[in-house]
S.K.: 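The structure that follows is given in the form of C-alpha cells.
Because only heavy atoms are used, hydrogens play no part in the values below, and waters and symmetry mates are left out as well, while side chains stay in.
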Amino acid sequence: MGVEDRQELVVVSSTWGPDGLFGHLPDLLPLLMAQLPADRYRVAALLHPAIWDAHGHRQVRAWLRSCREAGLLLPDPTQDWRALIVAADQVIGDHGSVTAYAAAVGRPILLPTPRTTPAVGTPQHLVTVKAPHLDVHQPLLPQLATARELDRQTVMAALTGRPGQADMLLRRAIYRLLDLTEPDRHRCVTPVPVPRVHHGEDTP
C-alpha cells in the first residue's frame, strides 16, 4: 500500500452521518496530514460507504484532494477495509463498528470525544468508554503515543458470545440448514486482500 518499513500507518475510520468522525470533524484529516511528518507516518481514511453514496464519489475526492496530494491513502468503498486495520499502527475512530473490530484485533485506539453514546454493553460502547480521547485542538503527534490497546477479551466478549468459535458454529449451522453433511476437512482461511488505494491521483 506504499507504506515503508520506517513509517507507521495511522488509519482514520469514520461511520456515516453527522455524528461520524468525517461528519463532525471534517478538519481532522487535513490536520493529520499537516502535523504528522510524512517520512514517519502514512495516513489512511476508511469512510463508510454511506458517506460516498450520500455525497458522491467525485465530491468526497474533491473535499480530500489536498490531503490526497499530501499522501493520504483513500481506498474506494468497494475495497476490502480489513487489510488497513490489520496493518494499522494506530486507529483513530468513532462509534462505528470498524473501530470496535480494530480494538478486537489489538490495534491501539484513539477517539475524539464522541457525539453519540452507543448502547451500553455493545463493543462500540466499550470502545468509547475505554479508549483514550483525541483533542483536535492540541498537537496531534504527541497524542498518538497515548493510543493504547484495549482488553481484547472484553471487546471480543461483547462482539460474540462464543469467542474463537464463531467460524465452527456458523459452518455447522449452515450445513445443517442446507441439509448437507459437514465435511471433515475445510478450506483454509483466505488471506485478507490488499486494497488498491489512490496515491493522490484523480480518478474518473
Side-chain angles (χ1 to χ4, degrees), residues 1-3 5 8-17 19-22 42-53 73-111 114 116-133 146-197:
M1 292 182 288
V3 181
D5 290 341
E8 294 185 17
L9 177 62
V10 179
V11 175
V12 178
S13 173
S14 176
T15 191
W16 60 281
D19 291 334
L21 201 57
F22 191 66
R42 292 302 301 268
V43 180
L46 286 176
L47 305 182
H48 193 285
I51 296 173
W52 296 85
D53 289 340
L73 304 177
L74 183 66
D76 290 331
T78 56
Q79 296 293 311
D80 196 318
W81 52 267
R82 294 175 297 170
L84 284 166
I85 294 299
V86 170
D89 293 288
Q90 296 94 12
V91 174
I92 300 174
D94 54 19
H95 60 282
S97 298
V98 171
T99 311
Y101 293 138
V105 296
R107 295 298 166 264
I109 305 293
L110 274 175
L111 265 75
T116 295
T117 302
V120 176
T122 62
Q124 291 89 339
H125 181 263
L126 286 173
V127 171
T128 57
V129 169
K130 300 292 186 181
H133 285 178
T146 69
R148 69 170 184 267
E149 297 181 20
L150 307 185
D151 180 31
R152 294 176 61 184
Q153 295 303 317
T154 301
V155 179
M156 285 295 295
L159 281 169
T160 172
R162 304 292 288 273
Q165 302 179 54
D167 57 344
M168 178 265 295
L169 294 172
L170 286 170
R171 183 175 60 241
R172 183 178 300 167
I174 289 169
Y175 276 100
R176 184 182 70 250
L177 292 170
L178 293 172
D179 197 23
L180 295 172
T181 301
E182 185 179 357
D184 294 331
R185 297 171 59 185
H186 302 284
R187 296 176 58 188
C188 295
V189 177
T190 303
V192 174
V194 177
R196 297 185 303 275
V197 293

S.K.: Are the side chain of Arg107 and the backbone N or O of Val105 linked by a donor-acceptor pair below 3.5 Å?
M.R.: yes
S.K.: Does some side-chain heavy atom of Leu150 sit less than 4.5 Å from a side-chain heavy atom of Leu126?
M.R.: no
S.K.: Does some side-chain heavy atom of Leu159 sit less than 4.5 Å from a side-chain heavy atom of Tyr101?
M.R.: yes
S.K.: Minimum heavy-atom separation for Leu84 to Pro75, with atom names?
M.R.: CD1-CG, 3.6 Å
S.K.: Please round to the nearest 0.5 Å and tell me the distance separating atom CZ of Arg171 and atom CD of Gln165.
M.R.: 11.5 Å
S.K.: Within the 4.5 Å heavy-atom criterion, are Thr122 and His125 side-chain neighbours or not?
M.R.: yes
S.K.: Would you please test Leu110 and Thr146 for side-chain contact (heavy atoms from CB on, under 4.5 Å) and show each step?
M.R.: CA-CA 8 Å; Leu110 274 175; Thr146 69; 3.5 Å; yes
S.K.: With sequence neighbours excluded, tell me which residues meet salt bridge (Lys or Arg N to Asp or Glu O under 4.0 Å) with Asp19.
M.R.: Arg115
S.K.: Hey, mind stepping through Ile109 and Ile92 against side-chain contact (heavy atoms from CB on, under 4.5 Å) and telling me if it holds?
M.R.: CA-CA 6 Å; Ile109 305 293; Ile92 300 174; over 6 Å; no
S.K.: Please name the pair of heavy atoms, one in Thr181 and one in Tyr175, separated by the smallest distance, quoted to 0.1 Å.
M.R.: O-CD2, 3.8 Å
S.K.: I'd like to know if the side chain of Arg42 reaches the main chain of Leu73, judged simply by a donor and an acceptor atom lying under 3.5 Å from each other, with no hydrogens or angles considered.
M.R.: no
S.K.: Quick one: does Thr99's side chain have a donor or acceptor within less than 3.5 Å of a partner on His95's backbone?
M.R.: no
S.K.: Search all heavy atoms of Ala147 against all heavy atoms of Pro132 and return the closest pair with its distance.
M.R.: CA-CG, 4.2 Å
S.K.: Do His48 and Ile51 have side chains that get closer than 4.5 Å, going by heavy atoms?
M.R.: yes
S.K.: Applying ring pair (Phe, Tyr, Trp, His ring centres under 6.0 Å), run through Trp16 and Phe22 and close with a yes or a no.
M.R.: CA-CA 8 Å; Trp16 60 281; Phe22 191 66; over 10 Å; no
S.K.: Determine whether Arg172 and Leu169 satisfy the following criterion, side-chain contact (heavy atoms from CB on, under 4.5 Å), listing intermediate values before the conclusion.
M.R.: CA-CA 5 Å; Arg172 183 178 300 167; Leu169 294 172; 4.3 Å; yes
S.K.: Looking only at non-hydrogen atoms, find the nearest pair between Val91 and Ala102 and report the distance.
M.R.: CG2-CB, 4.0 Å
S.K.: Over all heavy atoms of both residues, which pair between Met1 and Ala83 is shortest? Give the atoms and the distance, please.
M.R.: CE-O, 4.4 Å
S.K.: Kindly write out the residues that satisfy salt bridge (Lys or Arg N to Asp or Glu O under 4.0 Å) with Glu8, not counting sequence neighbours, or none if the list is empty.
M.R.: none
S.K.: For the residue pair Val98 and Thr15, establish whether any side-chain heavy-atom pair is separated by less than 4.5 Å.
M.R.: no
S.K.: Any non-hydrogen side-chain atom of Pro108 less than 4.5 Å from a side-chain atom of Glu149?
M.R.: yes
S.K.: Under a 4.5 Å cut-off applied to non-hydrogen side-chain atoms, are Leu111 and Val127 in contact?
M.R.: yes
S.K.: Given the rule in the side-chain contact (heavy atoms from CB on, under 4.5 Å) test, do Leu47 and Trp52 qualify, once you have shown the distances and angles that lead to the verdict?
M.R.: CA-CA 8 Å; Leu47 305 182; Trp52 296 85; 3.5 Å; yes
S.K.: For the residue pair Pro193 and Gln79, establish whether any side-chain heavy-atom pair is separated by less than 4.5 Å.
M.R.: no
S.K.: Locate the shortest heavy-atom distance separating Pro123 from Ala100; write the atom from each residue and the value.
M.R.: CB-CB, 4.0 Å
S.K.: Ignoring hydrogens and geometry, is there a side-chain-to-backbone donor-acceptor pair from Asp94 to Gly96 under 3.5 Å?
M.R.: yes
